[in-house]
**Student:** 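Below is a structure I'd like to ask you about.
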Amino acid sequence: MDAREMKIKAAEAALAHVEDGMRLGIGTGSTAEEFVRLLAEKVAGGLRVEGVPTSERTARLCLELGVPLKSLDELPELDLTIDGADEVDSRLRLIKGGGGALLREKIVACASKRMIVIADETKVVETLGAFKLPIEVNPFGLVATRIAIEKLATRLGLSGAIDLRASGDGTFTTDGGHYILDASFGRIPDADALARNLNDIPGVVEHGLFINIASLAVIAGPAGARTLTAKE
Ligand SMILES: O=C[C@H](O)[C@H](O)[C@H](O)COP(=O)(O)O
């Protein structure tokens, strides 16, 4: 089974949790896009759902495939969000934001009763941090914000490059008009402390650590899909 087939397997298993009439948060990324394709087939077959997209990219795909959309302001309380992740640990803590959509993803997931993560086996880790941690920052005061993040990292015993995400010849800009700093901290022994402290830096809009947000993960491997629930 190749990587795409595993993403489809995870998306298929997650689709089983979608019920008629649900208000759905719809994630971003290549795995979430497989979910959108499968969801669109169900919608074409008569399933009634209303989706809130977590990015402009997801919104475009949903519109193209006929998945009905609403804004989060129109549907501020959602039943379920289904989204991918860059890393998942055994407590269902996540790193997200590889595609730059972490802010809307977190807002949408937190407006949902449940969040189901869909991923292939390669995303499951013992300790978060091999994937660069995306930190969404306000362009104003970028240098000061980066210094504040560096000082925090040192205080928490973390080190590594903190790079401004680029896109083509310029700087990557999120749907909200912010920048992303990708932090190569490596293994993060205390992700909860890092998450809390990052939120205290004024220039940090949001970060890609999703703690106590996901309720279930559907993980696909060569042998099929399995579910992961949070272990303490
Ligand atoms: O900003 C992007 C999102 O957090 C994605 O859900 C994450 O990067 C996983 O994407 P993919 O399914 O393409 O690996």
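Positions are given from 1 along the sequence. What's counted below: heavy atoms across the whole structure, side chains too, no hydrogens, waters or symmetry copies. Atoms within a ligand are numbered from 1 in the order they appear, just like the ligands themselves.
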**Student:** Would Gly29 count as a polar contact of ligand 1, with the cut-off being nitrogen or oxygen pairs under 3.5 Å?
**Tutor:** no

**Student:** Given side chains that start at C-beta, do those of His17 and Leu80 come closer than 4.5 Å, heavy atoms only?
**Tutor:** yes

**Student:** Find all atoms of ligand 1 within a distance of less than 4.0 Å from any non-hydrogen atom belonging to Gly84, and give their numbers and elements.
**Tutor:** 6 (O)

**Student:** Going by the atom numbers of ligand 1, which of them fall below 4.0 Å from some non-hydrogen atom of Asp83?
**Tutor:** 6 (O)

**Student:** Show your reasoning for whether salt bridge (charged side-chain N to carboxylate O under 4.0 Å, His left out) applies to Arg104 and Glu56.
**Tutor:** CA-CA 10 Å; Arg104 292 192 185 182; Glu56 300 300 329; 2.9 Å; yes

**Student:** Below 4.0 Å, non-hydrogen atoms only: which portion of Ala119 touches ligand 1? Side chain, backbone, both or neither.
**Tutor:** neither

**Student:** If I compare all heavy atoms of Gly208 with all of Leu102, which pair ends up nearest, and what's the gap?
**Tutor:** N-CD1, 4.0 Å

**Student:** Please work out which of Ala11, Ala32, Ala101, Ser55 has its closest non-hydrogen atom nearest to atom 1 (O) of ligand 1.
**Tutor:** Ala101

**Student:** I'd like to check Leu39 versus Leu24 (side-chain heavy atoms, cut-off strictly below 4.5 Å). Are they in contact?
**Tutor:** yes

**Student:** Return the closest protein heavy atom for atom 5 (C) of ligand 1 as residue, atom name and distance.
**Tutor:** Thr28 O, 3.1 Å

**Student:** Which heavy atom in Ala85 sits nearest to a heavy atom in Val117, and how many Å separate them?
**Tutor:** CB-CG1, 3.7 Å

**Student:** Considering only heavy atoms of Asp86, which atoms of ligand 1 have at least one such atom less than 4.0 Å away?
**Tutor:** 7 (C), 8 (O), 9 (C)

**Student:** Could you tell me whether ligand 1 has any atom less than 4.0 Å away from a heavy atom of Gly97?
**Tutor:** yes

**Student:** Could you tell me whether Arg226 and Glu121 make a salt bridge, using a distance below 4.0 angstrom between a side-chain N and a carboxylate O?
**Tutor:** yes

**Student:** With heavy atoms of Gly99 as the reference, note each atom of ligand 1 found under 4.0 Å away.
**Tutor:** 1 (O), 2 (C), 8 (O)

**Student:** Record the part of Glu105 in heavy-atom contact with ligand 1 below 4.0 Å; permitted values are side chain, backbone, both and neither.
**Tutor:** side chain

**Student:** Testing the basics here: between Leu158 and Arg187, what is the closest heavy-atom pair and its distance to 0.1 Å?
**Tutor:** CD2-O, 3.8 Å

**Student:** For atom 13 (O) of ligand 1, grab the closest protein heavy atom and report residue, atom and distance to one decimal in Å.
**Tutor:** Ser30 OG, 2.5 Å

**Student:** Taking only heavy atoms of Thr31, which atoms of ligand 1 are found under 4.0 Å from at least one of them?
**Tutor:** 11 (P), 12 (O)

**Student:** Under 3.5 Å, is there a donor-acceptor pair linking the side chains of Thr31 and Glu34?
**Tutor:** no

**Student:** Hey, is Lys123 one of the residues with a heavy atom under 4.0 angstrom from ligand 1?
**Tutor:** yes

**Student:** Which atom names give the shortest non-hydrogen contact between Ala220 and Met6, and what distance separates them?
**Tutor:** CB-O, 3.0 Å

